[in-house]
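Starting off with a structure, shown below.
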Amino acid sequence: MSDTVHDLLARSHRLGADPTTTNYAGGNTSATGTATDPATGREVELLWVKGSGGDLGTLTEAGLAVLRLDRLRGLVDVYPGVEREDEMVAAFDYCRHGPGGAAPSIDTAMHGLVDAAHVDHLHPDAGIAIATAADGEALTKEIFGDRVVWIPWRRPGFQLGLDIAAVARENPQAIGVVLGGHGITAWGATSEECERRSLEMIRLARDAIDARGGTDPSVAFGAVRPGFAALPEAERHARAAALAPVLRGLASTDRRVVGHYTDTDAVLEFLARSELDRLAALGTSCPDHFLRTKVRPMVLDLPATAPLDDVLARLRERHAAYREDYRAYYERHADAGSPPMRGADPAIVLVPGVGMFSFGADAATARVAGEFYVNAINVMRGAETLSTYAPIDEREKFRIEYWALEEAKLARRAAPEPLAGRIALVTGGGSGIGRAVAHRLADAGACVVVADRDADAATTVAGEIGSADVAVPVAADVTSAEAVEAALDAAALAFGGVDLVVNNAGLSISKPLLETTDADWDLQHDVMARGSFVVSRAAARRMVDQGLGGDIVYVASKNGVVAGPNNVAYGAAKADQAHQVRLLAAELGEHGIRVNGVNPDGVVRGSGIFAGGWGAQRAAVYGVEESELGAFYAQRTLLKREVLPEHVANAVFALCSADLSHTTGLHVPVDAGVAAAFLR
């Protein structure tokens, strides 16, 4: 890696670390330098610039587009004009240097045409506040003097690059520009100078906002409305958990989404105040914002103290109105060349006193949409403090939201995983079969809530799977209805609800009938029979609220079918679970909820139950060494194969996949072939 690239990446990471400096995947940085052209052996001048879709905070060398600077600047001579400037994105490909590298973004011209070795284009909250203020041009002059120049709104593209290059050429004293409705761009002779100038512009903008009362939300957002202040935290989270599955179901009318809940102070202050409705209706302005948040949010117009049933009814009304309004927005601006409408559901829902719910194709997209709307709140606060918030007009927003280049970017996305957009809760997920199931479902694209009585084990497994965008742990004892409800609430707050529940929590005590105590019987039935019932009841309630169907899978056992010695309590509890599958399949089918089961046998290696003493007990029953128990079980099967937790996990996945979309009430043996356990 060259020093030029090293310094560019380091600068990008620093600038991308603060979401108020630039939002996730927003903005771009660049640097010019020389390298040897392998084809000629001569030195050539190159531009390294963040490629399309990358994120400054996590940018790598592979995420940079590398272009020949002479070729890029030569495009000025063939530029066909602003009406055809989209064609220039394809032309960038003819300027690329060498194999690999990221695809050049629409902002490439901004970096390559400016006569400076280093360029930063950022979307800082304070900078966009000036860019979206009604008198932004005057504020730019007042705050920055002649060191920063105002450029009126222009859609990102080649012409904007020409405009910025002209400003830099004609204003040698300038260090950067404010782009109306959009953000800021700064440049410098060195990487250090460019970064220093970017941060100077942000600091001066922030200082100007603070000097006019920007730290007081009432200055920008007005007084707190009676009844709209934030509920106490416990009450707020309980209300959010009750609303999340319903909201997720509404937001999934056109396509299934995952949810994210945010109740930061910035959000709650905005939702409590008198200017909420006016400002929310104006929508966001920076293109990176509304591409992820949609043109405007859906806002509940009831106080936080309203009864839950009233809130739910009103949310359904507001959702129907939002869809009508969005369709009208599309029809006002679409023409024969516009892409089809992508969906009329909101990406952001604001509930005063409770918080913000954001939605996306996966948890990361939903979270980022919420982060962008927090950026937008900060922008509105700054613009209203300095002046009046005046974002770009609706027509311009539509042109970007349904831009052919944006459509092409969406088309390049990889096909979704089979369980993408689905939220799973796995009980007993901290070890053995539950751990394997949690990993398998996450590998297939699901968001996973790892529930286990052992909080440390749940945390370990969730960490193995990935970040909180993929898996979260919850401590849950399935014998407690309160703990189960709390676990489902945690799923709602983390991801918006639940679609797929795996009743896996279990234990076993192997004793002859005459030695089995009442406590032995009660414990095993409490965990497996009653516990599965409690989990299924809580999950089904939320699935019905969502209206998206769902899957409930019981990890039962061959022992629920085949009578074995010294096993009365465990076998009876597993038989109870097996019949619950049939009963619930019959009852929940009208809601699109499938209920199926898996009957494993002989899962010794990696099994929490066997490691907890069951293995030693069963080995004693069969007169073999505990270390040989897995091989013993394998030899009594038709296939002579040992069953592992991963094999059970594969069966769970199959039952939840689209391939078995019309299957419910089924038990799948995962026992390598035990003839006595064949279902009849």
Query raised in the report: R256 and salt bridge (charged side-chain N to carboxylate O under 4.0 Å, His left out): which partner among D362, D499, D345?
Result: D499
Requested in this report: Side-chain contact test, heavy atoms from C-beta onward, threshold under 4.5 Å: evaluate it for I348 versus K294 and give yes or no.
Outcome: no
Query raised in the report: Any sub-3.5 Å donor-acceptor pair from Y261's side-chain atoms to V354's backbone N or O?
Result: yes
**Report entry** Heavy-atom side-chain contact between L276 and F221 under 4.5 Å
**Finding:** no
**Report entry** Side chain R255, main chain A361, donor-acceptor under 3.5 Å
**Finding:** no
**Report entry** Taking every non-hydrogen atom, the tightest pair across F495 and A471
**Finding:** CZ-N, 4.2 Å
Requested in this report: Specify the closest pair of heavy atoms between L312 and L243, including all atoms of both residues, with the distance to one decimal.
Outcome: CD2-CD2, 3.6 Å
Query raised in the report: Do the side chain of R236 and the main chain of G353 share a donor and acceptor less than 3.5 angstrom apart?
Result: no
**Report entry** Between CH2 on residue W48 and NE2 on residue H111, distance to nearest 0.5 Å
**Finding:** 15.0 Å
Query - Backbone of A65 reached by a side-chain donor or acceptor of R96 within 3.5 Å - result: no
Query raised in the report: Between D545 and V246, is there a donor-acceptor pair closer than 3.5 Å when you use the side chain of the first and the backbone of the second?
Result: no
Query raised in the report: Going through the checks in order, is the side-chain contact (heavy atoms from CB on, under 4.5 Å) test met by S105 and N28?
Result: CA-CA 9 Å; S105 78; N28 3 77; 3.9 Å; yes
Query - Min side-chain heavy-atom separation P391-T284 under 4.5 Å - result: no
Query - Distance under 6.0 Å and angle within 45° of ring axis: R296 vs Y322 - result: no
Query raised in the report: Side-chain contact, heavy-atom cut-off 4.5 Å: I164 with L179?
Result: yes
Query - Geometric class of the Y402/Y330 ring pair [parallel <30°, tilted 30-60°, perpendicular >60°] - result: perpendicular
Query raised in the report: Which heavy atom of T58 sits nearest a heavy atom of H13, and at what distance?
Result: C-NE2, 4.1 Å
**Report entry** Test item: side-chain donor near acceptor, D86 and W403, under 3.5 Å
**Finding:** yes
Requested in this report: Considering only NZ, NE, NH1 and NH2 on the basic side and carboxylate oxygens on the acidic side, decide whether R154 and E85 come within less than 4.0 Å.
Outcome: no
**Report entry** Residue pair P352 / L271: nearest heavy atoms and the distance that separates them
**Finding:** CB-O, 3.6 Å
Requested in this report: Hey, could you give me the CD/CG distance between Q546 and L250, rounded to the nearest 0.5 Å?
Outcome: 10.5 Å
**Report entry** N23 side chain reached by R292 side chain, heavy atoms, under 4.5 Å
**Finding:** no
Requested in this report: From the options N375, T20, T22, select the one residue that forms a side-chain hydrogen bond (donor to acceptor under 3.5 Å, both in side chains) with D125.
Outcome: N375
Query - Atom pair CZ (F270) and CZ (R381), whose distance is rounded to the nearest 0.5 Å - result: 11.0 Å
Report task. Determine the minimum heavy-atom distance between A491 and V449, stating which atoms define it. Result -> CB-CG2, 3.7 Å
**Report entry** Verdict with reasoning, R399 to E396, per salt bridge (Lys or Arg N to Asp or Glu O under 4.0 Å)
**Finding:** CA-CA 5 Å; R399 289 181 66 218; E396 286 299 299; 3.0 Å; yes
Report summary line: When rounded to the nearest 0.5 Å, the distance separating CG of D551 from CZ of F653 is 11.5 Å
Query raised in the report: Any salt bridge between R314 and E317, counting N to O under 4.0 Å?
Result: yes
Report task. For the residue pair L75 and Y94, establish whether any side-chain heavy-atom pair is separated by less than 4.5 Å. Result -> no
Report task. Would you mind telling me which of V119, L56, V49, L9 makes a side chain to side chain contact (heavy atoms under 4.5 Å, CB included) with T29? Result -> L56
Query raised in the report: Does the distance from a Lys or Arg side-chain N to an Asp or Glu carboxylate O, for R327 and E324, drop under 4.0 Å?
Result: no
Query raised in the report: To the nearest 0.5 Å, how far apart are CE in M380 and CD1 in I128?
Result: 11.5 Å
Report summary line: Hits for salt bridge (Lys or Arg N to Asp or Glu O under 4.0 Å) against R440, two or more places apart or cross-chain, chain-then-number order -> none
Query - Closest approach of A280 to V299 (non-hydrogen atoms, all atoms of both residues) - result: CB-CG2, 3.8 Å
Query raised in the report: Is a donor on one side and an acceptor on the other found under 3.5 Å between the side chain of R273 and the backbone of F228?
Result: no
Report task. Return yes if some donor-acceptor pair links the side-chain N/O of T293 with the main-chain N/O of A369 below 3.5 Å, else return no. Result -> no
Query - Flag if over 12 foreign heavy atoms under 6.0 Å of CZ, R71 - result: no
**Report entry** Interatomic distance, S12 atom OG to D120 atom CG [nearest 0.5 angstrom]
**Finding:** 7.5 Å
Query - Residues D469 and H260: side-chain donor-acceptor under 3.5 angstrom - result: no
Query raised in the report: Does the pair V374 and V267 meet the rule for a side-chain contact (heavy atoms from CB on, under 4.5 Å), with working shown?
Result: CA-CA 7 Å; V374 171; V267 169; 3.8 Å; yes
Query raised in the report: Angle class for the Y79/F158 ring planes (parallel below 30°, perpendicular above 60°, tilted otherwise)?
Result: tilted
Report task. Assess whether side-chain hydrogen bond (donor to acceptor under 3.5 Å, both in side chains) is satisfied between Y389 and E275, documenting all intermediate values. Result -> CA-CA 11 Å; Y389 178 59; E275 296 301 312; over 6 Å; no
Report task. Please tell me if the side chains of H182 and H121 come closer than 4.5 Å, counting only heavy atoms from C-beta onward. Result -> yes
Query - Test log, rule side-chain contact (heavy atoms from CB on, under 4.5 Å), inputs V470 and V448 - result: CA-CA 6 Å; V470 181; V448 180; 5.9 Å; no
**Report entry** Residue pairs, two or more places apart or on separate chains, that pass ring-ring contact (aromatic ring centres under 6.0 Å, His included) and touch residues 361-380
**Finding:** H289-F372
Query raised in the report: Going by an N to O cut-off under 4.0 Å, is there a salt bridge joining D489 and R542?
Result: yes
Query - Aromatic ring pairing F398/H333, orientation class (parallel under 30°, perpendicular over 60°, tilted between) - result: tilted
Query - Exceeds 12 heavy-atom contacts within 6.0 angstrom, atom CG of D310 - result: yes
Report task. Determine whether C656 and R422 make a side-chain contact, defined as any pair of heavy atoms from C-beta on separated by less than 4.5 Å. Result -> yes
Query raised in the report: How far apart are the C-alpha atoms of T262 and R367, what are their side-chain angles, what is the distance that settles it, and do they pass the side-chain contact (heavy atoms from CB on, under 4.5 Å) test?
Result: CA-CA 9 Å; T262 305; R367 172 181 55 78; over 6 Å; no
Query raised in the report: Is it true that D254 and R323 make a salt bridge, defined as a side-chain N closer than 4.0 Å to a carboxylate O?
Result: yes
